[in-house]
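Comments concern the structure below.
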Amino acid sequence: MADEVQKKLQKEFEIYNNLKKEYHKAVALKQQLDSQLNENKAVKEELALLKKDSEVFKLIGPVLVKQDLEEARQNVSKRMEYINKEIKRCDGNISALENKQEAVHENLNKLKSNLEHLKISA
Amino acid sequence: MATISSAPMPGMQQIDLSKLNIHQLAKLKQQLDQELNVFQDSLQTLKIAQQKFVESGESVEKLTAAKGKTILVPLTGSMYVPGTIVDTDNVIIDIGTGYYAQKDIEGAKDYFKRKVQFVTEQMEKIQSMGVGKSKAREAICMMMEMKVQAQSQEKKASTS
């Protein structure tokens, strides 16, 4: 009986560790998205400050390609929208993982105390 | 285990340090240490960025003086070819995410001034946050010491 619980405990622990890893990955992803959003914000402000006839270039590979200012502005706005959406998705993912982690954690504790009871009674 | 994970985040809400046990205090201190390290790293990175902006701003100021003069353009680190700058009134600035904008000298100076200011502001923010965290860390250290002392005294009292 104790062996069975032990096995279950091990399995649950593995799940917990995997969840932890996933959680860290999600948090790292969110940080990356955040910094991207910040950079895009700075670019958007800068583009907004430019005069209408200013020339804007975009770096494509090693060359600078001339771009329409209006197009560049729209492009950055669209990118920010996308990143915001990604951040929201990531946030949802993170809170879901948090909940899962907590549930597994509780389960783990239950199994642990179960095992101890069994050991004492054995 | 469960008590540690439910330890409130520092700065999120007021917590009475004297009510926490040594494990919780240690955990909190560890957390604060980590945060302080992140702050330190961020400050370092910001300092480098600030330096770069300042340098670029200085280069722009020197550019107007270079009009008509021959300059040496580095092709590699150890090979240079002579050249002249045709247009010393406009520069192209990397404004981030692969976008470059053409600006006149005044605009460029203004850009770098703004960037330096922005970075400096961020650094100040981080510094003030760091001071707060350092204070919290000190308080936790003191509380930990007090708890350890109290514990050892208890032990003494029970053995004697």
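Each chain gets a letter, A, B and so on, in the order its sequence line appears, and its residues count up from 1.
Residue A:L49 touches chain B through its side chain alone, counting heavy-atom pairs closer than 4.5 Å.
Of all residues in residues 86-114 of chain B, those placing a non-hydrogen atom less than 4.5 angstrom from a non-hydrogen atom of chain A are B:I92, B:I95, B:G96, B:T97, B:G98, B:Y99, B:Y100, B:A101, B:Q102, B:K103, B:D104, B:Y111, B:R114.
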Please report the C-alpha distance between B:Q24 and B:N21 in whole Å, then the side-chain angles of each, then the deciding distance to 0.1 Å, and finally whether the side-chain contact (heavy atoms from CB on, under 4.5 Å) criterion is met. CA-CA 5 Å; B:Q24 287 169 318; B:N21 64 35; 3.4 Å; yes
Does the side-chain contact (heavy atoms from CB on, under 4.5 Å) test come out yes or no for A:V63 and A:V65, once each step is laid out? CA-CA 6 Å; A:V63 289; A:V65 181; 4.3 Å; yes
Evaluation steps, side-chain contact (heavy atoms from CB on, under 4.5 Å), between B:V148 and B:I22: CA-CA 8 Å; B:V148 170; B:I22 288 180; 3.9 Å; yes
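Shown here are the side chain to side chain contact (heavy atoms under 4.5 Å, CB included) partners of A:K66, two or more places apart in sequence or in another chain: A:E55, A:F57.
Residue A:V104 is tested with A:N18, A:L19, A:N17 for a side-chain contact (heavy atoms from CB on, under 4.5 Å); the sole match is A:L19.
Of all the listed residues (A:E39, A:Q67, A:E106), the one sharing the greatest number of non-hydrogen pairs under 4.5 Å with chain B is A:E39. Of the listed residues A:A42, A:A72, A:S54, the one with more heavy-atom pairs under 4.5 angstrom with chain B than any other is A:A72. No other option in A:V43, A:V56, A:N75 has as many heavy-atom pairs under 4.5 Å with chain B as A:V43.
Note on A:E116 versus A:K119: no salt bridge recorded, every NZ/NE/NH1/NH2 to OD/OE distance being 4.0 Å or above. A salt bridge links A:R89 with A:E86: at least one charged nitrogen is closer than 4.0 Å to a carboxylate oxygen.
Looking only at atom types and distance, the side chain of A:Q101 has no donor-acceptor partner in the side chain of A:Y23 under 3.5 Å away.
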